[in-house]
Amino acid sequence: MLPYLIRRLVISVPVLLGISIISFVIMKLAPGNPVDMLIDPNTPPELLQAKKEMLGLNSPFAVQYWRWLSGLLHGQLGYSFSSYAPVAHIIGERIGPTILLAFTALLTGLLISIPLGIASAIRHNTAFDHTMTGFAFVGLSIPPFFLGLGLIYLFTLKVHWLPTGGMSTLGEAGGFGDTIRHLILPAAVLAVGIVGKKIRYIRASMLDVLGQEYLRTARAKGVRESFVIYKHAFRNALLPILTVFGTEIPVLLGGSILVEQIFQWPGIGQLTMQSILSRDYPTLMALNLVAAIVVMISNLLTDILYSIADPRIQYR
Amino acid sequence: MKLSIRLFSFTLIAALLVLLAACGSDNDKTESKDQTITSTDTSKTVDKASTQADAPKETTAQVKDKIVTIGIVNSPPTLNQINDQGDSASKTVLALINDALLDINTSFEFLPKLADSVETSDNHTYVVKLNSNAKWNDGQPFTTADVKFTLLTALNPKVESSFRLNFIEGTNDAGKLEEGQSELTGLKIVDEHTFEVKTKTAIDPNIFKETFATKVYFIPEHILKDVAPDQLATNAYFQKPEVTIGAFKFADFKKDQYTEVVRNDNYYRPVAKLDKIYVKVLPATNLIAQLQTGDIQMNSLPVGLIPITDYEKVKALTNVTVDSSGPSEPAELFFNNKTINNVKVRQAIAYAINRQLIVDQLFKGQADVIDGSVPSDNPYYNKDIKLFTYDPDKAKALLKEAGWDRSQTLRFLVPAGNKIREQASDIIVQNLKDVGFKVDIQKFDFSTLIQKVDKAEYDLTIFNRDYYIEPSNYFSLFKSDNANNFIFYNNPKADELIAQGSTEADPSKRHDIYNELQQILHDDLPTLSIYSEKRLQAVSNLVVGGKPLNLGTFNNVNEWDLKTN
């Protein structure tokens, strides 16, 4: 296992390099730049030129990329074009909230969708199954911004239970409980989407397995039904489910832009959106790098989970 | 194997909890501090052995800070007082923690702030007398040495600054010092509290007062004197500008969440009555909800605009008073005067657009219709100009006269983001089609749009410029030799009047010049204003003395108070 892990990590270096080149090129090809946005006709053009020079935007493509890369090799992600704060600091501030939100949503989603999906498969074509698929369909198709605003209306304006947004109550002591209170609504919105999608996967995957002969054998041996389902069937249905959850992690960590916007959750998604709009190249490059690393790690994690779920899968 | 799955999920949950705790940890500290305070209070009341239960509650009520929270839609990108990057959100926060020489109120009157007086006898040399009590919030006196340090730093070619001071003697056209130049010839320090600024030519005192006296904020020499100019922008001071000179001082900044400022007890003017102000970032759609719940006490202008579609809803709130601001900088339809070079076609467009419908339907009447760039409450607005009316027949006739080629398609670029402006643009397109134009509407993010406009890849575009008091700032766009004249307007007579207007110091002559100029711009029609919005100002009934304004929102922020109940 260990040599395999090391090999995977070594391979990831050229991949990351490739990703960084591609995203740098795409970013530069996108129209607009951070300086031209200052359209104010009272700004002397010499000043705009000076600013471009200062930000290094006048150098050729390759030089700009090399400057970024050599900075990275020295552990420097550069400074944001807009706030002049160190990019590492900006992202460091944002990544925590995003991870917190993403994993809370993912965990909640898992805990709800797995039992419901399994139950739905076992009782398939019953009223329960139809209700579940119905719910799943609604959860899947309801737009997050609509659900978000609806929940705000209900839980904040009508019953005053939960705050409208942010991550802490301004002017109050805050703390653990306060963060949880702020976390509930955005996590719920994300979780609803996850549950909607995953119930259907889990149900389908379980249905596949339920017809298998080894289950009949197990039952014939006199194994308890719950054991048949959870030990024999679910374990085998787990592989495709793991794959889908694995792909869900980067999606969530890439920032649920909409949900973060609606609830003013200070995460990566909001930051990405703004950096794109203001063409803040150093921040964008760092965000791309983080996203690429997250994808790689979650793929690796999924592969490891495969071998845990199914010991026949061995990595060498 | 089952064990490892359990182990894995256990670790996952544990990691999550650690993270949660870490995210809340800053607050935990303050919480525990509060707890210790209340616990000592409790022990005292236990000694007294009377009304034990109520006592701690009372003390916390007394301790409760007076806090006002202002809702804003965009996060300030920077808190650098010499380089706000023209961003209105940054300007809002900076105005809380920085004082300029003068401030301004809604009647366009200048009020003394750091300066007791700004005077000139010849419109050429401006004598500024500083308030002799003025001091930084760390107690250090504010003197002309800080003024000199600020100017020399901001005008250094290696320093990026949003100050536009190229009218001062000794600066080049870009408004910077030449490389290697270490003195500003136009600045004379008379004594600790008096300095003089000499301008290149005589200018209207209002230009000096607006662009210098109300826009220049100062940086503390005693903190920043050893920082190399090219390292200044990334200096830690500008991430946490704790030492400034204003009614409030910096406490905390969380990008996309809030900026926290606290009362400056060292203020040289009457110390603020509020303890704290938060400027909180939230989506426009949540402004009303948070006004209703009391999470915010007011919106901010121009970056905390309550959607006009919520007009009735916000009017109906009982805990909030709603007003309309004066007319703000208009949304202007800019013509590419090269591709639409026939003035009759531009006039046809003006007659074709039903601007009253836009104002009535989209703005529920909360907007002005004007033709030029200058808002109608500006002292230099020309009231005698006859506005274009909605007259599609006349538009058609003008098009026929001009021999407009009907197969030609107009490229209309619209910046995405401002919903109401996008809706107005859709109405414009419909209006133009009705009189026989072919219009191709394209929506872009602002950065992309500006690049296309700069390359002249457009025929029509619409956006709002900045709000100015000084009229010459509205007109510099129309100068034929301005590199930023993206509309390619060229009229020698207008150039002449623009030049005259910016140097004429006699207000009544200036009025004549600008009246004539506005008439010419109306006849030539290089741009057409669509609407000048009267923004919704909502403020909680608990707030005393404060209100969001288009101009000078914080000029009396030290007098703001909260009713206690």
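In the text below, chain A, chain B and the rest are named by the order of the sequence lines, each starting its count at 1. These numbers come from the heavy atoms of this one structure, side chains and all, not from hydrogens, waters or symmetry mates.
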When M54(A), H160(A), H89(A) are compared by non-hydrogen pairs under 4.5 Å with chain B, the top option: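 Of the options given, most contacts go to M54(A).
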message: Heavy-atom pairs under 4.5 Å with chain B: which of E46(A), R94(A), E93(A) has the most?
response: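 It is R94(A).
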Toward chain A, the part of [X] with a non-hydrogen atom under 4.5 Å:
X	answer
T293(B)	side chain
K452(B)	neither
T448(B)	both
N166(B)	side chain

Where on [X] is there a heavy atom nearer than 4.5 Å to chain B: the side chain, the backbone, both, or neither?
X	result
A85(A)	both
F81(A)	backbone
I152(A)	side chain
Q49(A)	neither
L149(A)	side chain

- request: Can you establish whether the number of heavy atoms outside K28(A) located under 6.0 Å from its atom NZ is more than 12?
  value: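 Counting neighbours around NZ of K28(A), more than 12 heavy atoms of other residues, nucleotides or ligands fall under 6.0 Å, so yes.
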message: Take a 6.0 Å sphere around NZ of K158(B) and say whether it holds more than 12 heavy atoms from other residues, nucleotides or ligands.
response: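 Check fails, neighbour count at 12 or below.
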query: Do you know which two heavy atoms are closest between S447(B) and P31(A), and how far apart they sit?
result: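 S447(B) and P31(A) have their closest heavy atoms at OG-O, 4.2 Å.
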query: If you look at every heavy atom in N286(B) and Q264(A), which pair is closest and at what distance?
result: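 Residues N286(B) and Q264(A), closest heavy atoms: ND2-NE2, 3.1 Å.
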message: Are the side chains of Q270(A) and V281(B) in contact, using a 4.5 Å heavy-atom criterion?
response: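 No, their side chains stay 4.5 Å or more apart.
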- prompt: Is the closest side-chain heavy-atom distance between K255(B) and P266(A) below 4.5 Å?
  reply: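 Contact flag for K255(B)/P266(A) side chains = no.
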Hey, could you give me the [atom1]/[atom2] distance between [X] and [Y], rounded to the nearest 0.5 Å?
X	Y	atom1	atom2	value
T285(B)	I262(A)	OG1	CD1	7.5 Å
M167(A)	Y258(B)	CE	OH	10.0 Å
Q290(B)	T156(A)	CD	OG1	8.5 Å
N83(B)	S82(A)	CG	OG	10.5 Å

- request: Scan side-chain atoms only and decide if E160(B) and Y84(A) contain a donor-acceptor pair under the 3.5 Å cut-off.
  value: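 On atom types as modelled, these side chains qualify, holding a pair under 3.5 Å.
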task: Please determine, by modelled atom types, if Q274(A) and D256(B) share a side-chain donor-acceptor pair under 3.5 angstrom.
output: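 Side chains of Q274(A) and D256(B): pair found under 3.5 Å.
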- request: Kindly say whether L157(A) contributes a backbone atom to a donor-acceptor pair with the side chain of Q292(B) at under 3.5 angstrom?
  value: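 A pair under 3.5 Å: no.
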